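See below for the structure under consideration.
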Amino acid sequence: METKPVITCLKTLLVVYSFVFWITGAILLAVGIWGKIMLGPYISLIADNSTNAPYVLIGTGTVIVVFGLFGCFATCRGSPWMLKLYAMFLSLVFLAELVAGISGFVFRHEIKGTFLRTYTDAVLNYNAENEASLAVDYLQHNLRCCGVYNYTSWLASVYYPANGIPPSCCLNSADCSMQDLRNATAAPTKVYHQGCYELVTSFMETNMAIIAGVTFGIAFSQLIGMLLACCLSRIITANQYEMV
C-alpha cells in the first residue's frame with residue numbers, strides 16, 4: 001500500500017508532462033501549416049531546391065500529438081510495456097531535436113551562403129512572373145528592403161534595362177513611377193536603401209542563440225518524460241501494480 005502514493009504522484013506528473021508534450025506537438029503542427037501557407041516565398045529563396053521543412057514540421061507535430069495522447073493513455077492504464085514504448089519514443093525525439101539544433105547552429109553560415117546564392121540568382125534573373133520573382137517581390141515589400149546588398153544589385157539584372165527597379169522596392173508606391181525606377185539618378189530617392197541579404201542574415205545572427213537555446217531546452221525536457229515513464233514502469237512492474 002505504501003507504494004501507491006508514489007505511483008499516484010508519478011502518474012500525475014507524467015500525465016501533466018504528456019499534456020504539455022501534446023501541446024508542443026500541436027504548436028509544431030500549427031507552425032508547419034503556417035509556414036507552408038505564409039512563408040513559402042521566403043523558404044523558396046533560402047533553399048537551392050524546394051524544401052520539405054514545413055512538411056517535416058507538420059509530420060513531426062502530428063506524430064507528437066499522437067504519442068502525447070498515447071503517453072496519457074499509457075499512464076492512466078498503468079501498462080509497463082506502454083510506458084517503456086513511450087520512453088523509447090521520447091528518447092528518439094530527444095536525439096532528433098539535439099541533432100537538429102546542433103546542425104542548425106553549426107551550418108548557419110552555410111545557410112547564409114545558400115541564401116546569398118539563391119537570392120542573387122533570383123534578382124539577376126527576375127522577370128516579375130515566375131515563382132522566384134514573386135518571392136523576391138514578396139520579400140522586398142514585406143521586409144522593406146531592396147536588392148541583395150542595396151538597390152544597385154538590380155542594375156545588373158536582366159529586368160533593369162527595359163523596366164528599371166521593381167516596384168516592390170518603392171518607399172511609397174503613390175510617389176514612385178516607372179520613369180523614376182528607370183532613372184538611375186532618381187531611383188535612389190524612391191526606393192529602400194537597405195539590402196535584403198543584410199536584413200535577413202542580421203535577424204538570423206541575432207536570434208540564432210535564442211533559437212538554439214529553445215531547441216536544446218525542449219530537447220532536454222524529453223529527459224524528464226523519459227525518467228518519469230521509466231520510473232513508473234519499473235515501480236509498477238516491481239510491485240505488480242495494476243489499474244482497475
Side-chain angles (χ1 to χ4, degrees), residues 6-47 49-108 111 203-204 207-237 241-244:
V6 177
I7 292 174
T8 302
C9 180
L10 286 174
K11 289 178 69 175
T12 301
L13 291 174
L14 191 54
V15 167
V16 171
Y17 173 84
S18 297
F19 178 69
V20 174
F21 186 57
W22 181 87
I23 290 176
T24 61
I27 292 174
L28 282 177
L29 181 60
V31 169
I33 295 173
W34 175 77
K36 178 60 180 174
I37 296 173
M38 301 299 296
L39 299 181
Y42 296 107
I43 294 174
S44 66
L45 289 175
I46 292 175
N49 301 307
S50 179
T51 179
N52 294 319
Y55 296 109
V56 171
L57 288 176
I58 292 172
T60 303
T62 302
V63 172
I64 289 177
V65 165
V66 172
F67 269 89
L69 294 174
F70 176 80
C72 290
F73 177 76
T75 304
C76 294
R77 182 75 181 271
S79 172
W81 73 266
M82 286 185 177
L83 290 169
K84 290 177 182 177
L85 180 61
Y86 185 46
M88 185 181 300
F89 173 74
L90 289 175
S91 67
L92 293 176
V93 173
F94 166 73
L95 291 175
E97 291 176 343
L98 196 62
V99 170
I102 294 174
S103 298
F105 188 78
V106 171
F107 294 107
R108 66 189 185 279
I111 295 173
F203 175 83
M204 290 174 59
N207 295 277
M208 185 58 69
I210 298 175
I211 295 172
V214 171
T215 301
F216 290 133
I218 294 175
F220 281 100
S221 71
Q222 314 306 328
L223 296 177
I224 299 175
M226 291 165 54
L227 180 63
L228 290 173
C230 289
C231 288
L232 181 58
S233 174
R234 183 173 181 178
I235 292 176
I236 291 174
T237 301
Y241 178 82
E242 294 183 358
M243 287 295 297
V244 178

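Given the structure is predicted, the values throughout are model-derived calculations rather than measurements.
- With values rounded to the nearest 0.5 angstrom, Leu14 atom CG is found 13.0 Å from Ile7 atom CD1.
- Checking Tyr86 against Ser18 by side-chain atom types alone, a donor-acceptor pair falls below 3.5 Å.
- Taking CZ of Arg234 as the reference point, atom CG of Leu83 lies at 14.5 Å (rounded to 0.5 Å).
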Query - Worked check of side chain to side chain contact (heavy atoms under 4.5 Å, CB included) between Leu28 and Thr24 - result: CA-CA 6 Å; Leu28 282 177; Thr24 61; 5.7 Å; no
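- For the atom pair CG (Leu85) and OG (Ser233), the distance works out to 11.0 Å, reported to the nearest 0.5 Å.
- Rounding to the nearest 0.5 Å places CG of Leu95 at 11.0 Å from CG of Leu90.
- In this structure, the side chain of Tyr17 engages the main chain of Ser221 through a donor-acceptor pair within 3.5 Å.
- Lys11 pairs in a side-chain contact (heavy atoms from CB on, under 4.5 Å) with only one of the listed residues (Val6, Val16, Leu232, Leu228), which is Leu232.
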Donor-acceptor contacts, no H, no angles, side chain residues 60-74, under 3.5 Å, sequence neighbours left out:
unit_1: Thr60; atom_1: OG1; unit_2: Val56; atom_2: O; d: 2.7
unit_1: Thr62; atom_1: OG1; unit_2: Ile58; atom_2: O; d: 2.8

